[in-house]
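Single-structure report; data block below.
Keep in mind it's a predicted model, so treat the numbers as computed, not measured. A note on names: the letters A, B, ... follow the listed sequences, proteins ahead of strands, and every chain is numbered from 1.
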Amino acid sequence: MIQWDAATIKQFQDTLLGWYDAHGRALPWRRDHAPYHVWLSEVMLQQTGVQTVIPYYERWLAHWPTLTDLAAADEAAVLKEWAGLGYYSRARNLLKTAQIITQERGGQWPTTAAGLKQLPGIGDYVAGAVASIAFGEPVPAIDGNAYRVFARLLLIDTDIRSGAAQRVFRAAITPLIPQDRPGDFNQAVMDLGSSYMTAKHPDSAHSPVAAFDAAYQQGVTDQYPVKSAKKKPVAKTYTALVLTTPDGQAVWQQRPSRGLLASLWTWPLLTGDQRAATVPELLTQLAAAHAITMASAAVLRDQSVGAGSVTHVFTHQHWTVYLRHLTLAAPTALPANARWLPLAQQTLAEPTLQRKMAAYYNKNKTD
DNA sequence: AATCCGTGGGT
DNA sequence: TACCCAAGGAT
């Protein structure tokens, strides 16, 4: 690992900030440095691309313009607004933190990274980003960009997926932060990491900090950062039941409040490939899995949907979902975690998996 | 420390 | 197809 002297650090800061002043991106969350705006954007941007976030960010602020507005929201409304962004605990934690600040702290944000990190959903990265950008604290905000940029500049070969990475990079980056512009420094690093110093096909030669880039100077950019491989997703198979009445009402089922797609709504899912199961078998499993009971005598029609399946890849699971369509004469009573709503309902939070299933159903439905 | 938790885009 | 990547955090 390379250590810079004080003069080099000053030159690096001036070069990086000069470039940022001239070429930094004009993003919606950079219109001001309000902690609500900085925090919301940083949470949305976790593991998520800028172009995906922008429309969600704008819609969110139209819905809840202030932290006080958000603190008064229902969790169901928050999840509905978040639906499609993924990692849904982020949305639940946004609401929790808004309530803590509004109701327990009199609307006052902690102004240090250490204080911010106590709040739900705020870890080392978001704490550093909000503390530096909104409150001017000279702390690093170490995200994937910072890992990549400084691994190359300083030839840091610590595996960025290892437990030691946070400590090693924090020690390396902290001395480089300018006391007067920590927020701009951290944002400049992010812009650098998403323009010249990208993961794939970097343009190190034209980077404004090429002169400080040891990996580029030595022709070893492709060796940094060191990042161990992920393991591949586990394959799982399910069968979704499209349970409708003749007038187009369908059974919607809310997933448990913890775990994958927590609290979101889908058509009821049974484990395994149930394309060959009989109607009584399907209903037995439906009762066991979701406490939804209905008599097989009430089923007017039993149809498979399409010849294939819906596939959806999560971080750790690769799902294959088959669809069965059962038509009932009339709605039956449902437990608290299920509802009769139109097939194309607009009121509940649906994950992308459900949107894919609905698209597949609409394309393949028989009548 | 290792695992869980989404999604869309690129190659 | 099967990877990898993108402004991580909680348990």
Side-chain angles (χ1 to χ4, degrees), chain A residues 24-25 27-30 37-57 79 82-94 96-97 113 116-130 132-133 140-149 159-167 169 183 185-195 197-202 222 225 227-236 255-264 266 311-320 349-356:
Chain A
R25 290 172 292 178
L27 297 167
W29 41 88
R30 289 180 176 173
H37 297 159
V38 176
W39 164 68
L40 175 63
S41 66
E42 297 299 349
V43 171
M44 285 186 164
L45 286 160
Q46 289 171 16
Q47 304 291 287
T48 309
V50 165
Q51 294 310 316
T52 300
V53 165
I54 287 174
Y56 280 89
Y57 179 82
L79 285 174
W82 194 272
L85 254 192
Y87 290 140
Y88 295 93
S89 65
R90 290 185 293 173
R92 269 186 289 279
N93 285 332
L94 280 175
K96 286 181 192 167
T97 284
L116 288 159
K117 206 184 156 186
Q118 303 302 312
L119 296 164
I122 298 185
D124 284 316
Y125 166 71
V126 174
V130 176
S132 62
I133 298 169
I142 309 173
D143 66 339
N145 288 304
Y147 279 126
R148 186 170 58 257
V149 165
D159 181 349
I160 65 173
R161 280 212 169 98
S162 73
Q166 174 71 210
R167 175 175 48 77
F169 279 79
F185 175 90
N186 285 328
Q187 294 186 88
V189 171
M190 295 175 208
D191 281 15
L192 194 55
S194 60
S195 55
M197 298 186 70
T198 50
K200 287 173 294 190
H201 311 298
D222 61 349
K227 191 175 186 179
S228 55
K230 277 190 208 173
K231 55 181 236 187
K232 62 183 295 185
V234 177
K236 298 199 173 193
R255 297 177 58 80
S257 58
R258 317 189 85 177
L260 188 66
L261 306 177
S263 299
L264 273 71
T266 67
T311 63
H312 189 71
V313 181
F314 300 101
T315 309
H316 289 80
Q317 300 181 14
H318 185 140
W319 283 25
T320 300
E350 297 178 23
T352 296
L353 166 69
Q354 173 59 43
R355 297 197 178 279
K356 284 189 188 177

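- Between A:Gln317 and the phosphate of B:dG6, there is no side-chain N or O to OP1/OP2 separation shorter than 4.0 Å.
- For the side chain to side chain contact (heavy atoms under 4.5 Å, CB included) with A:Val50, the qualifying choice from A:Thr52, A:Ile54, A:Thr48 is A:Ile54, the only one to do so.
- A pairwise comparison of heavy atoms in A:Gln166 and A:Ile142 identifies OE1-CD1, 3.9 Å as the closest pair.
- A:His316 has its side chain out of reach of A:Val234: every pair of non-hydrogen atoms, C-beta onward, lies at least 4.5 Å apart.
- Within the 4.0 Å cut-off from OP1 or OP2 of B:dT7, at least one side-chain nitrogen or oxygen of A:Tyr88 is found.
- Backbone-only contact: A:Arg148 has heavy atoms under 4.0 Å from sugar-phosphate atoms and none from a base.
- For the pair A:Phe314 CZ and B:dC4 C1', the computed distance is 13 Å after rounding to whole Å.
- Among the protein residues, A:Ile122 comes within range of the sugar-phosphate backbone only, with heavy atoms under 4.0 Å from sugar or phosphate atoms but none that close to a base.
- The NZ-P distance, from A:Lys231 to B:dC5, rounds to 11 Å in whole Å.
- Heavy-atom minimum distance, A:Lys230 versus A:Arg161: CE-NH2, 3.0 Å.
- A:Leu261 has its CG atom 15 Å from the P atom of B:dC4, to the nearest Å.
- Residues from residues 43-52 of chain A placing a heavy atom under 4.0 Å of any atom in DNA chain B, listed by number, are A:Gln47, A:Thr48.
- For the pair A:Tyr125 and A:Met190, the tightest heavy-atom approach, listed with the atom from each and the gap, is OH-CE, 3.2 Å.
- Listed by chain and residue number, A:Asn186 satisfy the side-chain hydrogen bond (donor to acceptor under 3.5 Å, both in side chains) test with A:Ser132 (two or more places apart in sequence, or in another chain).
- In terms of heavy-atom proximity, A:Thr311 sits nearest to A:Lys356 at O-NZ, 3.2 Å.
- Here A:Asp124 lies in heavy-atom contact (under 4.0 Å) with sugar-phosphate atoms only.
- Taking the C1' atoms as reference points, B:dG6 lies 16 Å from C:dC4, given to the whole Å.
- Residue A:Arg255 contributes atom CZ, which lies 15 Å from atom P of B:dC4 at whole-angstrom precision.
- Nearest-nucleotide assignment on DNA chain C puts the 5′-proximal partner with A:His318, out of A:Tyr87 and A:His318.
- Along DNA chain B, the nucleotide nearest to A:Thr315 and the one nearest to A:Gly163 differ in position, and the one closer to the 5' end is contacted by A:Gly163.
- Among the heavy atoms of the strands, none lies under 4.0 Å from A:Ile160.
- From A:Leu261, atom CG reaches atom CD of A:Gln354 across 10.5 Å, with rounding to the nearest 0.5 Å.
- Across all strands, A:Gly193 comes closer than 4.0 Å to no nucleic acid atom at all (heavy-atom distances).
- Between the CD atom of A:Glu350 and the P atom of B:dT7 there is a distance of 11 Å, rounded to whole Å.
- Place A:Asn93 and A:Trp29 on DNA chain C by their nearest nucleotides, and A:Trp29 ends up nearer the 5' end.
- In this structure, NE2 of A:His201 is placed 13 Å from C1' of B:dG9, rounded to the nearest angstrom.
- Using atom P as the reference point in both B:dT11 and C:dA7, the two lie 16 Å apart (nearest Å).
- Look at the C1' atom in both B:dA1 and C:dG9: the space between them is 15 Å, to the nearest Å.
- When the side-chain nitrogen and oxygen atoms of A:His312 are compared with OP1 and OP2 of B:dT7, one or more of them lie within a distance under 4.0 Å.
- Taking every heavy atom of both residues into account, A:Val53 and A:Met44 meet most closely at CG2-O, 3.3 Å.
- Comparing the same atom, C1', in C:dA6 and in B:dC5 gives a spacing of 15 Å after rounding to whole Å.
- Nucleotide B:dC4 holds its C1' atom 12 Å from the NZ atom of A:Lys230, rounded to whole Å.
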Hey, mind stepping through A:Tyr56 and A:Trp82 against ring-ring contact (aromatic ring centres under 6.0 Å, His included) and telling me if it holds? CA-CA 7 Å; A:Tyr56 280 89; A:Trp82 194 272; 7.3 Å; no
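- Note that the first and last nucleotides of DNA chain C, 5' to 3', having any atom under 4.0 angstrom from a heavy atom of chain A are C:dC3 to C:dA10.
- Residues A:Leu79 and A:Ala262 come closest through the heavy atom pair CD1-O, 4.4 Å.
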